[in-house]
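Below you'll find the structure, written out as structure tokens, and then a few comments.
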Amino acid sequence: MNEALKPCPFCGSKKTICFCGDPYDGYQGTCYTWQVSCNDCGANIVRGKQQEVIEAWNRRASVDDL
């Protein structure tokens, strides 16, 4: 997992972190809920897999999406 997180899409902060969203998930060595969160404004996103949450966080809407 080398994909870097983009800055927060809401406040532009680079203080973002990806972590296991439920501390009990990782207890047996497998995390089922991953979260990316901005430490400045609190924006976050939750997905089931680490790669999914990073891709969702890094996705930015384009003019074509509007």
Side-chain angles (χ1 to χ4, degrees):
M1 185 66 50
N2 293 332
E3 188 173 354
L5 294 171
K6 289 184 179 180
C8 177
F10 300 99
C11 73
S13 173
K14 294 182 181 180
K15 296 178 185 175
T16 56
I17 185 170
C18 181
F19 58 95
C20 183
D22 182 350
Y24 296 105
D25 280 351
Y27 182 71
Q28 297 294 327
T30 302
C31 183
Y32 298 102
T33 306
W34 285 90
Q35 181 171 340
V36 173
S37 183
C38 173
N39 290 333
D40 283 340
C41 74
N44 64 56
I45 189 168
V46 178
R47 295 286 190 270
K49 295 181 182 177
Q50 187 178 22
Q51 184 62 37
E52 290 174 354
V53 76
I54 291 173
E55 288 174 359
W57 180 267
N58 286 343
R59 184 176 183 276
R60 299 297 192 261
S62 68
V63 174
D64 295 334
D65 293 335
L66 300 176

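Separation of atoms CG (Leu5) and NZ (Lys14) is listed at 12.5 Å; rounding is to 0.5 Å. Distance check, rounded to the nearest 0.5 Å: CD1 of Ile45 to OG1 of Thr16 gives 12.5 Å. Interatomic distance, CD of Gln35 versus CD of Gln50, reported as 13.0 Å (0.5 Å rounding).
In terms of heavy atoms, Trp57 sits closest to Pro7 at NE1-O, 4.0 Å. In terms of heavy atoms, Asp40 sits closest to Ser13 at OD2-OG, 2.7 Å.
A distance below 2.5 Å between sulfur gamma atoms is not met by Cys41 and Cys8.
Counting only distance, with no hydrogens or angles, the side chain of Trp34 and the backbone of Cys18 share no donor-acceptor pair below 3.5 Å.
The environment of CZ in Phe10 is sparse: at most 12 heavy-atom neighbours from other residues, nucleotides or ligands sit within 6.0 Å.
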